[in-house]
Amino acid sequence: MATLVTGGVGFVGANIVKGLAQAGHQVICSDLSEPDQLFMDFLGELSVEVSFAQGDILDQQAVERLGVDYAIDKIVHAAVFTVNRVELETERSRDVISINLEGTANLLELARKQRGKRFIYVSSGAVYGDANSPDQTLNEDVAPAPKQLYGITKYASELVTRRYGELHGFSTASVRLSTPYGPMERVTGHREVMSAFYHWTGQVVRGEAIQPEALEQGRDFTYVADIVDGIRAILDAPELPHDLYNITAGVWVTLRELLDQLILLSPATKIMEPDGGGSKIQNTGPGRGPLSGHRLFQDLDWTAGYDLNAGLAEYLQWRKDAPFHD
């Protein structure tokens with residue numbers, strides 16, 4: 001039996017594919033895009049544990065064919081249209097709703113027909129909306145209040161996932177991710193605005209000067225390998241006391257702390273004054289506070305393994321070693 005990962009060529013999806021293959025899963029990587037050389041290099045020898053199925057999650061017949069071609073017993077649905085700018089949300093409103101809702105419905109129907117053991121929906125901390133105060137920690141009992149279509153469609157998909165599992169008798173869980181960083185973040189057709197981690201590590205490996213901005217902003221940045229390990233723990237747990245989990249390092253990190261750590265790891269880092277032009281960095285504030293990982297620790301004894309130093313050091317090394325310096 002195999003585990004299907006949708007959006008498997010994307011940033012978080014690629015890491016899920018690799019992490020599950022490392023954990024012994026036979027993985028089916030489904031994505032609208034073909035795997036490129038960067039992706040194959042990232043998998044390395046694990047590529048023999050992965051099957052590739054190119055297709056559109058909005059194509060119901062293509063999704064159904066996955067159930068014909070493969071014996072699927074677990075699904076991690078990570079395919080998503082990530083929208084974090086109002087201009088893009090305005091331009092592609094209908095696409096956000098179609099991909100993020102109709103795509104989820106197609107995958108849930110596949111799970112029903114396959115009589116799957118578990119369906120994991122990869123959601124986001126964006127579901128919580130803005131925090132009531134800057135130091136508010138958000139646990140799974142906090143009422144969701146998403147403001148943008150991205151968070152709204154994520155929350156709606158969580159509800160649909162829960163009810164589909166109840167109606168059709170298979171185990172489901174949604175995982176709300178804190179802000180990920182790490183290998184394989186790159187511009188794709190459904191992810192266009194990159195993080196400070198992406199921009200600044202790229203400038204370091206290219207020998208360019210960093211233009212720091214918004215240094216007091218922050219998030220509970222979580223290294224993507226930890227996010228994958230949390231998903232794996234939920235996917236493989238014999239029983240789940242809950243069907244909703246935050247996955248987070250649970251530590252608030254400002255961009256100033258990121259910059260300081262980057263300079264420690266790479267003392268030759270050059271800094272220049274901001275030019276006052278438009279930002280290319282994903283907005284990190286003002287917004288929600290850090291997520292709480294207490295439920296996942298309480299239920300499955302899971303905690304994040306990387307602090308900022310360890311995660312950034314591993315990511316920076318990957319940026320140096322990989323043929324990817326964009």
Side-chain angles (χ1 to χ4, degrees), residues 1-57 59 62-63 65-80 82 103 107 110-111 114 116-120 122 175 177 180-191 194 197-198 201-202 205 223-236 247 305-306 311 313-326:
M1 302 298 282
T3 300
L4 172 67
V5 179
T6 68
V9 176
F11 168 31
V12 175
N15 283 274
I16 294 171
V17 168
K18 182 175 182 177
L20 293 183
Q22 285 175 324
H25 286 247
Q26 291 291 320
V27 181
I28 305 157
C29 172
S30 172
D31 202 288
L32 186 61
S33 302
E34 288 185 307
D36 57 11
Q37 191 59 51
L38 180 70
F39 178 85
M40 298 306 294
D41 289 343
F42 182 64
L43 287 187
E45 295 179 355
L46 292 168
S47 61
V48 298
E49 306 297 332
V50 179
S51 300
F52 299 96
Q54 187 179 8
D56 189 343
I57 60 172
D59 184 341
V63 174
R65 279 197 300 273
L66 291 171
V68 175
D69 295 341
Y70 303 98
I72 298 167
D73 67 340
K74 295 180 180 180
I75 296 175
V76 180
H77 179 35
V80 65
T82 303
L107 268 299
L110 174 65
Q114 291 294 105
K117 292 180 180 178
R118 183 155 294 153
F119 183 101
I120 303 294
V122 179
V175 292
L177 309 184
Y181 72 93
M184 296 301 289
E185 183 183 6
R186 64 203 191 283
V187 175
T188 66
H190 295 113
R191 186 182 184 91
M194 302 293 103
F197 285 83
Y198 168 90
T201 57
V205 299
Y223 191 52
V224 69
D226 274 333
I227 283 174
V228 170
D229 190 56
I231 289 172
R232 180 208 53 75
I234 295 165
L235 183 68
D236 290 343
I247 301 181
Y306 287 83
E314 190 169 294
Y315 180 35
L316 187 60
Q317 190 62 51
W318 179 80
R319 291 298 305 256
K320 292 176 179 177
D321 295 341
F324 174 63
H325 295 155
D326 292 349

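Counting begins at 1 with the first residue of the sequence. Remember, predicted model here, so these are calculated numbers, not experimental data.
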Non-hydrogen side-chain atoms of [X] and [Y] separated by less than 4.5 Å:
X: Glu314; Y: Gln317; result: no
X: Thr6; Y: Val76; result: no
X: Tyr70; Y: Arg65; result: no
X: Met194; Y: Val187; result: yes
X: Cys29; Y: Val5; result: no
X: Tyr181; Y: Val224; result: no
X: Tyr315; Y: Glu185; result: yes
X: Leu43; Y: Val50; result: yes

Please state whether the rings of Tyr223 and Tyr306 are parallel, tilted or perpendicular, taking 30° and 60° as the class boundaries.
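Plane angle between 30° and 60°, so tilted.
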Between [X] and [Y], which heavy-atom pair has the shortest distance, and what is it?
X: Phe11; Y: Gly182; answer: CE1-O, 3.5 Å
X: Gly103; Y: Ile57; answer: CA-CD1, 3.7 Å
X: Val27; Y: Ala21; answer: CG2-N, 3.8 Å
X: Ile72; Y: Leu110; answer: CD1-CD2, 4.3 Å
X: Gly7; Y: Ala79; answer: N-CB, 3.6 Å
X: Gly202; Y: Arg319; answer: CA-NH2, 3.3 Å

How far does [atom1] of [X] sit from [atom2] of [Y], to the nearest 0.5 angstrom?
X: Lys117; Y: Met1; atom1: NZ; atom2: CE; value: 6.5 Å
X: Asn15; Y: Gln22; atom1: CG; atom2: CD; value: 9.5 Å
X: Asp73; Y: Leu4; atom1: CG; atom2: CG; value: 10.5 Å
X: Thr201; Y: Leu316; atom1: OG1; atom2: CG; value: 6.5 Å
X: Asp236; Y: Ile120; atom1: CG; atom2: CD1; value: 9.0 Å

Donor-acceptor pair, side chain of [X] and main chain of [Y], under 3.5 angstrom:
X: Arg118; Y: Leu235; result: yes
X: Asp31; Y: Val9; result: yes
X: Asp59; Y: Gly55; result: no
X: Lys18; Y: Phe42; result: yes

Go through the steps to decide whether Trp318 and Met184 satisfy the test side-chain contact (heavy atoms from CB on, under 4.5 Å), and finish with yes or no.
CA-CA 9 Å; Trp318 179 80; Met184 296 301 289; 3.8 Å; yes
Could you name each residue pair satisfying side-chain hydrogen bond (donor to acceptor under 3.5 Å, both in side chains) that touches residues 43-54, not counting sequence neighbours?
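Checked against side-chain hydrogen bond (donor to acceptor under 3.5 Å, both in side chains) - neighbours excluded - the pairs reaching residues 43-54 are Gln26-Glu49.
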Does Arg186 count as lying over the ring of Phe39, i.e. NZ or CZ under 6.0 Å from the six-ring centre, within 45 degrees of the axis?
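No, Arg186 and Phe39 do not form such a contact.
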With respect to Leu20, which candidate in Thr3, Val228, Ile231 satisfies the side-chain contact (heavy atoms from CB on, under 4.5 Å) definition?
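For Leu20, the side-chain contact (heavy atoms from CB on, under 4.5 Å) test succeeds with only one of Thr3, Val228, Ile231, which is Thr3.
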Check the pair Gln114 / Ile75 against side-chain contact (heavy atoms from CB on, under 4.5 Å), numbers first and verdict last.
CA-CA 10 Å; Gln114 291 294 105; Ile75 296 175; 5.9 Å; no
